[in-house]
Protein chains: 2
Amino acid sequence: MVDKEAFRKKIIISAGQIFSRYGFRKTTIEEIAKALKMGKSSIYYYYRSKEEIFEAVVLHEANILRNELTTAIKAVESPVDKLKNYVFVRMKAFEKLSNYYNAIFDKNLDHFDFVEAIRARYDREELAILRLIIYLGARRKVFKVNNSEYTAMAIQTTLKGLEVPLFWKKKEMDIDSRLNAILDVLFYGIVNA
Amino acid sequence: MVDKEAFRKKIIISAGQIFSRYGFRKTTIEEIAKALKMGKSSIYYYYRSKEEIFEAVVLHEANILRNELTTAIKAVESPVDKLKNYVFVRMKAFEKLSNYYNAIFDKNLDHFDFVEAIRARYDREELAILRLIIYLGARRKVFKVNNSEYTAMAIQTTLKGLEVPLFWKKKEMDIDSRLNAILDVLFYGIVNA
DNA sequence: CGAATTATCGAATGATTTGTTCGATGGCTT
DNA sequence: AAGCCATCGAACAAATCATTCGATAATTCG
């Protein structure tokens, strides 16, 4: 027993790649095992079930997303760029994660509750980040907003609305230009003339 | 009975998207049917089996590839650019088709024989195209080659060698720069100084 | 060395999925 | 209304898959 925890991490890294490519349903334990050059029964020495692996993967990805978002908004100075970076990083991450989602919601609508829990927590964190960006922008008079809280919520709603076509259409959608259009609208309605 | 053939085409278009995303094994008839908003048994009114759909899809994609290649080499004038375009279009197409392949060769090594047939015919066509490009380049003294036939075969061998890492590694490979490197080597060994 | 424990494996299994069939039915056209 | 056309749901057999378990190889440790 040298480093069991390290190998558990190797599993979620490897499984994460496969899950993100094929989704939960279409990913088999044997694929995960073969990617690690093991027999599939050996996987169960580290995790109790496929669901448990999936949970670990989602948790891991959520942490990565959180880090990417914070570094992305720290990377630039102006509130406009902060908000831009935030939206872009968030959307690119969700695009990558879309397979996880349409895998979950595909057949069995009884979606795992831990995903809901992560989601709820993430929503709160996102709102806090947005509120901060808006607040700083307003304080510097770059944004004209009356209430940072409600404005942040409005933006969050818009972003959530974007997720739907992102997940379900997949094809025939130029996500980048659409994103830019939304940001334009957002800014022209927000930025001081 | 208005246009049964048109609907068969709609099926292979829709099925082609799913096959290219998930491969043969992971694609289910129900998915194909649902994408067309039909019951899965209705599919069998148009095609006899999943394999038959797959065969139609591969045939269709092969024709598209052929068209893309010919228009790509007609689009430019110089033999160098023709060869460049050819290689790039070919590789991008194979990247898209890689799912089909690793789906076939994944488990059952008894690969469908119609794929082999298409493959063989495509190989001959490719050789003819390459030979023509090389021949025209040599005639214009842009290429220095002794035998167009053998040079074309050498290039084809190189391209085939590129397919292997393209199909199996998938990650951690910068295909574009690698392609450029190969083209550089190819040209510096071929172009008149 | 040899015993104990750690890690891996193949085979077995029970549940689920999935390709395919078939008979029924609703909507056309004539 | 009669007859084909297209679609469907139910049914089924075969295949797939997650999970378990006992055995065994590898490693640690006395």
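Letters go in sequence order (proteins before strands), and every chain restarts at 1. All figures in this text were calculated on a predicted structure; none of them were measured in a lab.
- For the pair B/Lys50 and B/Phe24, the cation-pi test (distance below 6.0 Å, angle within 45°) is passed.
- Geometrically, A/Lys4 engages A/Tyr45 in a cation-pi contact defined by less than 6.0 Å to the ring centre and at most 45° from the axis.
- Under the side chain to side chain contact (heavy atoms under 4.5 Å, CB included) criterion, B/Glu5 pairs with B/Asp3, B/Arg8, not counting sequence neighbours.
- For DNA chain D, the neighbouring residues in residues 35-43 of chain A, judged by any heavy atom under 4.0 Å, are A/Lys40, A/Ser41.
- Helical stems in DNA chain C, defined as runs of 3 or more consecutive Watson-Crick or G-U wobble pairs with donor-acceptor distances under 3.5 Å: C:1-25 with D:6-30.
- Shown here are the side-chain hydrogen bond (donor to acceptor under 3.5 Å, both in side chains) partners of B/Asn63, two or more places apart in sequence or in another chain: B/Arg66.
- For B/Arg140, the side-chain hydrogen bond (donor to acceptor under 3.5 Å, both in side chains) partners at least two apart in sequence or on another chain are B/Glu77.
- The side-chain hydrogen bond (donor to acceptor under 3.5 Å, both in side chains) check on B/Asn147 picks up nothing, with sequence neighbours excluded.
- Residues meeting the side chain to side chain contact (heavy atoms under 4.5 Å, CB included) test with B/Ala93, sequence neighbours left out: B/Leu65.
- With sequence neighbours left out, the salt bridge (charged side-chain N to carboxylate O under 4.0 Å, His left out) criterion links A/Asp81 to no other residue.
- Residues satisfying the side chain to side chain contact (heavy atoms under 4.5 Å, CB included) test with A/Ala35, not counting sequence neighbours, are A/Ser14, A/Ile18.
- At a threshold of 4.0 angstrom between heavy atoms, the contacts of B/Tyr46 are confined to the sugar-phosphate backbone, with no base atom among them.
- Listed by chain and number, the residues in a salt bridge (charged side-chain N to carboxylate O under 4.0 Å, His left out) with B/Glu149 are B/Arg131 (sequence neighbours excluded).
- Here the P atom of nucleotide D/dC5 and the CZ atom of B/Phe7 are 16 Å apart, to the nearest Å.
- A close approach under 4.0 Å does not occur between any side-chain nitrogen or oxygen of B/Tyr45 and OP1 or OP2 of D/dT7.
- For B/Glu30 and C/dT21, the CD to C1' distance is 16 Å, given to the nearest whole Å.
- The side chain of B/Arg25 contributes no N or O atom lying less than 4.0 Å from OP1 or OP2 of C/dT18.
- For B/Ala72, the side chain to side chain contact (heavy atoms under 4.5 Å, CB included) partners are B/Asn85, B/Val89, not counting sequence neighbours.
- With rounding to whole Å, A/Tyr47 atom OH is found 14 Å from C/dA7 atom P.
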What does the list of N/O pairs under 3.5 Å between the protein and nucleotides 28-30 of chain C look like, with a distance for each?
none

